[in-house]
Amino acid sequence: MSKPDILVVAKLWPPLMEALQAEFTVHDRIHESDPAAFAAIAPRIRGIQANGESKVPRALIDQLPALEVITVFGVGYDGVDVAAATERGIPVTNTPDVLTDDVADMGITLMLSIARRVPHADKYVRAGLWPSGPMPLARKVTGARLGIVGLGRIGQAIGKRAEGFGMSIAYTTRTQRTDTTYTYYPSATALAAEVDFLMVITPGGAATRGLINAEVLKALGPNGFLINVARGTVVDQPALIQALQNNVIAGAALDVFDGEPSVPEELRVLDNVVLTPHIASATWQTRRAMADLAFGNLQAHFNGKPLLTRVPV
Ligand code: NAP
Ligand code: 8YV
């Protein structure tokens, strides 16, 4: 029997690509590189393999009459038009849980990095500045107040880690949780006004676009730090740049950016930021687990078995 044809819409981690190539006929980003060739094979495509940053819009889904499944290598699926897929009865899968620890670790790492100015200190030593005097003092983290925007799988894992630092923890979500003792605030602005560190870990997409806006940053205030490990779109990036330039907030540590991998020059030249290139889940161990889960979902579908991790509809 011939192998099912699948369209890969992202530059994938090579071990996942190799696994896919062994089991499927893989068309790697052909819709972008060779539209004429894509038009010829589009009627045969039965699966799409995406990642957390991929775009799978309605216009692409509409071009694929035989499409049966969309699999995301990542927990966030804000780039996939789930409504368009659902209208056609096409399930979407993602990779929850297996990356929770890494992303939570990275959220804490970024909080410590900006508070204690670890990248700045590293540069200070390398530049030979130590003999000329000590660095300016930093901000203590233990015992400080943490606000978490989005208390889902990763938000809760961040909270657990922050408890180890003796932090007082508060959060905001659209629906107040009944399974936590953390203090609830009904909005990001109300939360920001009460904390020293504001950690953003919601999904991306239209519903959260610009959730962290100028008003939230003003509430966070000149001693407050913003950490974003969610999606760049959740923060109003021009408002953040203005707030950082004018000391409206003390600093920001960002793993994700609106328009990434391009990062605005205005952000890159600032001293009160720590910037990382969307690496929160990027360890060998977690990428292996994500690849196994993404591949497992495709295999399950084409073997007529239940999907392992279908996104809610
Ligand atoms: P999850 O378990 O679904 O949690 C999402 C949380 O966000 C829930 O508590 C949800 O509560 C809350 N939320 C949703 N919309 C909100 C809004 N408008 N205002 C406030 N809270 C809101 O998801 P997860 O597994 O923790 O992952 C969260 C996100 O992290 C992913 O979707 C992805 O975008 C991001 N992520 C980034 C990386 C990276 O590499 N940087 C890696 C993995 C994940 P309510 O529904 O009650 O509002
Ligand atoms: C990955 C992510 O960077 O899971 C997510 O939502 O953003 C990250 O884990 C991504 O999916 C791999 O490209």
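Keep in mind that this is a model prediction, so the values were computed, not measured. Atoms within a ligand are numbered from 1 in the order they appear, just like the ligands themselves.
Looking only at protein heavy atoms, the nearest one to atom 29 (C) of ligand 1 is Thr202 O, 3.4 Å. Looking only at heavy atoms of the protein, atom 13 (O) of ligand 2 is closest to Glu53 OE1, 2.7 Å. Residue, atom and distance of the protein heavy atom nearest to atom 31 (C) of ligand 1 are Val75 CG1, 3.8 Å. Distance from atom 9 (O) of ligand 2 to its nearest protein heavy atom, with residue and atom name: Ser281 OG, 2.7 Å. If you check which protein heavy atom lies closest to atom 46 (O) of ligand 1, you get Arg174 NH2, 2.8 Å. Of the protein's non-hydrogen atoms, Ile201 O, 3.8 Å is the one closest to atom 28 (C) of ligand 1. Looking only at protein heavy atoms, the nearest one to atom 21 (N) of ligand 1 is Thr173 CA, 3.5 Å. Given atom 6 (C) of ligand 1, the protein heavy atom at minimum distance is Gly152 N, 3.7 Å. For atom 25 (O) of ligand 1, the nearest non-hydrogen atom of the protein is Arg153 NE, 2.9 Å. Of the protein's non-hydrogen atoms, Val75 N, 2.7 Å is the one closest to atom 4 (O) of ligand 2.
Taking every non-hydrogen atom of Arg231 and a distance limit under 4.0 Å, the qualifying atoms of ligand 2 come out as 2 (C), 5 (C), 6 (O), 7 (O). Contact atoms of ligand 2 toward Gly76: 4 (O), 5 (C), 6 (O) (distance under 4.0 Å to a heavy atom of the residue). Interface atoms of ligand 2 facing Met290, defined by a heavy-atom separation under 4.0 Å, are 9 (O). Shown in contact with Arg287 at under 4.0 Å from a heavy atom are these atoms of ligand 2, numbered in order with element: 1 (C), 3 (O). Against a heavy-atom cut-off of under 4.0 Å, His278 is close to the following atoms of ligand 2: 2 (C), 3 (O), 7 (O), 8 (C). Remark: ligand 2 atoms within the under-4.0 Å shell around heavy atoms of Asn51 are 13 (O). Counting atoms of ligand 2 from 1 in the listed order, those under 4.0 Å from a heavy atom of Gly52 are 10 (C), 11 (O).
The aromatic rings of Phe24 and Phe295 lie perpendicular to each other, with more than 60° between the two planes, well past the 30° mark. Between Phe225 and Phe197, the ring-plane angle classifies as parallel under the 30° and 60° cut-offs.
At least one heavy atom of Ala230 sits less than 4.0 Å from an atom of ligand 1.
Contacts with ligand 1 closer than 4.0 Å are made by side-chain heavy atoms of Arg231 only, the backbone lying farther away. The parts of Thr175 lying near ligand 1 are both backbone and side chain, judged by heavy-atom distances below 4.0 Å. In Leu99, the part holding a heavy atom less than 4.0 Å from any atom of ligand 2 is the side chain. In His278, the part holding a heavy atom less than 4.0 Å from any atom of ligand 1 is the side chain. In Ile154, the parts holding a heavy atom less than 4.0 Å from any atom of ligand 1 are both the side chain and the backbone. For Thr208, every heavy-atom contact with ligand 1 shorter than 4.0 Å involves the side chain, none the backbone.
In the displayed structure, Arg126 atom CZ is contacted under 6.0 Å by at most 12 heavy atoms of other residues, nucleotides or ligands. Under a cut-off of 6.0 angstrom, the local environment of NZ in Lys140 is sparse, with at most 12 non-hydrogen atoms contributed by other residues, nucleotides or ligands. In Arg88, the CZ atom is crowded: over 12 heavy atoms of neighbouring residues, nucleotides or ligands sit closer than 6.0 Å.
The closest side-chain donor-acceptor pair between Thr276 and Asp255 falls under 3.5 angstrom. Using modelled atom types and a 3.5 Å distance limit, the side chains of Arg287 and Ser281 yield a donor-acceptor pair.
One finds a salt bridge joining Asp271 and Arg117 here, because a Lys/Arg side-chain nitrogen approaches an Asp/Glu carboxylate oxygen to under 4.0 Å. Classification of Glu215 and Lys218 as a salt-bridged pair fails, no side-chain N sitting under 4.0 Å from a carboxylate O. Between Lys55 and Asp81 there is no salt bridge, since none of the side-chain N atoms of the basic residue sits less than 4.0 Å from a carboxylate O of the acidic one.
If you check each of Leu211, Thr95, Val311 against atom 19 (N) of ligand 1, the one with the closest non-hydrogen atom is Leu211.
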